[in-house]
Engineer: 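Quick one: structure below, then a few questions.
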Number of protein chains: 2
Amino acid sequence: MSGSRVERPLARGRGIPEATVARLPLYHRSLVALRERGVTTVSSEELAAAAGVNSAKLRKDLSHLGSYGTRGVGYDVDYLVYQVARELGLTQDWPVVIVGVGNLGHALANYDGFTSRGFRVAALVDNDEALAGELVNGLPVHPLAELEQLIAEHHVSIAVVAAPAQVAQDLCDRLVAAGITSVLNFAPVPLQVPEGVDVRKVDLASELQILAFHEQRKQMSSLTPRTEAAG
Amino acid sequence: MSGSRVERPLARGRGIPEATVARLPLYHRSLVALRERGVTTVSSEELAAAAGVNSAKLRKDLSHLGSYGTRGVGYDVDYLVYQVARELGLTQDWPVVIVGVGNLGHALANYDGFTSRGFRVAALVDNDEALAGELVNGLPVHPLAELEQLIAEHHVSIAVVAAPAQVAQDLCDRLVAAGITSVLNFAPVPLQVPEGVDVRKVDLASELQILAFHEQRKQMSSLTPRTEAAG
DNA sequence: ACGACTTTGTGCGTTCGTTCACAAGGGCTT
DNA sequence: AAGCCCTTGTGAACGAACGCACAAAGTCGT
């Protein structure tokens with residue numbers, strides 16, 4: 001292991017495929033888990049197995065970040081953790097505002113996975129005045145009227161929408177107007193946003209429906225096992 | 001609108017692309033919303049706008065289910081809602097078991113989106129004996145020991161894993177052994193399952209990390225706006 | 001110092017998904 | 001009944017992603 005490594009200017013090619021980006025968090029988590037087990041070096045085969053992906057795909061994904069492996073040896077875990085974290089932007093602090101403190105918002109505010117990975121819940125906001133001032137995980141719930149001020153004060157650019165579907169689009173417009181440029185949407189509606197704003201949606205019901213689709217297929221094929229038969 | 005329609009034997013071609021399946025819940029929801037607004041007929045263009053997708057993609061997706069539109073007119077909303085629901089398996093009852101009744105499990109047990117779409121929380125299970133018997137959304141929390149019995153009794157084939165990462169794989173093995181064939185996994189670990197079992201994962205932290213990645217890119221490009229310049 | 005061995009990084013063929021653009025087909029008006 | 005207009009359904013071009021298989025490149029043993 002040579003001591004000094006070249007520090008690349010983040011994403012050499014300027015364009016990392018979206019599919020790769022979506023897997024980087026997975027690699028990061030797998031690497032951290034390996035490090036905690038005391039592993040210092042890992043091959044693409046091992047890491048791929050830990051992450052549950054094809055090893056060639058893993059190597060190609062990592063190659064988009066740079067040549068961080070050593071042929072014949074593998075990857076240095078510490079070093080790779082850092083590089084992936086840096087590429088993902090986990091080395092900086094990301095204040096996040098959660099809008100909607102119902103059941104889901106509550107759960108999100110308490111979720112360790114957010115706080116433990118560079119994200120910090122900067123503020124909780126809810127439309128329900130009755131909730132105002134209540135503490136959730138040590139943080140007070142703010143009335144909706146303070147939304148813009150909180151975003152500006154805490155320099156928030158990422159918002160989590162955990163509000164009902166009916167108000168989600170209006171809320172989103174307000175968030176964008178207040179300077180939010182990334183939205184994680186839990187409301188089951190497709191949010192319209194202007195160019196330059198990113199939206200990712202987490203749709204719990206959809207996921208179950210997709211499972212139900214395949215489940216139905218399994219049941220069908222087990223009831224008619226001779227569909228392909230033929231003479 | 002002709003009165004009698006041909007009832008296809010579900011998925012004419014036998015194989016619907018996975019990408020299409022993943023969008024069917026979205027179309028279903030958009031259609032239901034249109035129906036509630038009193039819309040009886042919708043064009044691919046309109047429905048695509050409501051769902052936030054390209055209209056050609058929508059038409060191709062729907063064509064995989066069958067020819068349910070009328071050229072020059074569009075799609076009958078009621079009829080299409082039914083066809084999509086049938087294809088997704090929403091016309092049948094899907095009992096679901098939720099394993100892990102922490103913050104997230106609590107929120108899921110209370111989530112309307114599940115129950116309102118053919119899914120029924122048949123049982124709640126948690127490892128923590130202190131929770132046993134407690135009512136969540138009117139349902140008692142069962143001790144982990146009763147897991148297999150509950151799955152058998154209620155004919156459950158879909159499980160939701162909302163347990164900590166450390167126990168997720170063991171839990172999953174147990175679920176599969178008990179007859180579960182579809183798993184919705186909220187634990188941040190890639191679950192290993194045998195052939196024939198489907199797993200979908202919802203990874204809250206990953207979604208934020210993906211947003212952070214793009215957010216970082218935005219910041220970088222706004223700081224160095226002349227990257228592409230050249231002489 | 002050298003060769004055998006290991007593992008990375010990647011060129012290439014294949015598969016999957018998206019989008020364009022238009023022919024086919026149904027309804028509506030005259 | 002005939003033609004116009006509208007929208008579907010799809011062929012075909014394009015592009016993104018995957019995975020094989022191998023050359024390049026480094027390590028380790030002798």
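Throughout, protein chains are lettered first and strands after them, A, B, ... in sequence-line order, and every chain is numbered starting at 1.
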Engineer: Quiz question: by atom type and distance under 3.5 Å, do the side chains of B:T20 and B:D61 form a donor-acceptor pair?
Structural biologist: yes
Engineer: D:dG11 phosphate, OP1 or OP2: any side-chain N/O from B:R59 under 4.0 angstrom?
Structural biologist: no
Engineer: Any donor-acceptor pair under 3.5 Å linking the side chain of A:Q216 with the backbone of B:R86?
Structural biologist: yes
Engineer: Has the side chain of A:R71 got a donor or acceptor that lies under 3.5 Å from a partner of the other kind on the base of C:dT8?
Structural biologist: yes
Engineer: Both A:K60 and A:G72 contact DNA chain D. Which one's nearest nucleotide lies toward the 5' end?
Structural biologist: A:K60
Engineer: Whole Å only: how far is the CG atom of B:L65 from the C1' atom of D:dT10?
Structural biologist: 15 Å
Engineer: Please compare A:A56 and A:P17 by the position of their nearest nucleotide in DNA chain D and report the one closer to 5'.
Structural biologist: A:P17
Engineer: Distance check needed: C:dG17 C1' versus B:D61 CG, whole Å only.
Structural biologist: 10 Å
Engineer: So does B:K201 have more than 12 non-hydrogen atoms from other groups sitting under 6.0 Å from NZ?
Structural biologist: no
Engineer: In whole angstrom, give the distance that lies between atom CG of B:L58 and atom C1' of D:dT8.
Structural biologist: 11 Å
Engineer: Is the distance between the ring centroids of B:Y68 and B:Y79 less than 6.0 Å?
Structural biologist: yes
Engineer: Could you check how far OH of B:Y75 sits from P of C:dG25, rounded to whole Å?
Structural biologist: 16 Å
Engineer: Between B:S44 and D:dT8, does any side-chain N or O lie under 4.0 Å from OP1 or OP2?
Structural biologist: yes
Engineer: Check this one for me: any side-chain N or O of B:T70 less than 4.0 Å away from OP1 or OP2 of C:dG26?
Structural biologist: no
Engineer: Does C:dG17 have OP1 or OP2 under 4.0 Å away from a side-chain N or O of B:N54?
Structural biologist: no
Engineer: Separation of A:L80 atom CG from C:dT7 atom C1', in whole Å?
Structural biologist: 15 Å
Engineer: Take the protein atom CG of A:D76 and the nucleotide atom P of D:dG26, then report the distance between them rounded to whole Å.
Structural biologist: 16 Å
Engineer: Rounded to the nearest angstrom, tell me the gap between atom NE2 in B:H64 and atom P in D:dG9.
Structural biologist: 12 Å
Engineer: D:dA12 P sits how many Å from B:K57 NZ, rounded?
Structural biologist: 22 Å
Engineer: Please check if any side-chain donor atom of B:Q169 sits under 3.5 Å from a side-chain acceptor atom of B:Q192, or the reverse.
Structural biologist: no
Engineer: Please work out if B:A19 contacts a base, only the sugar-phosphate, or nothing of the nucleic acid, heavy-atom cut-off 4.0 Å.
Structural biologist: sugar-phosphate
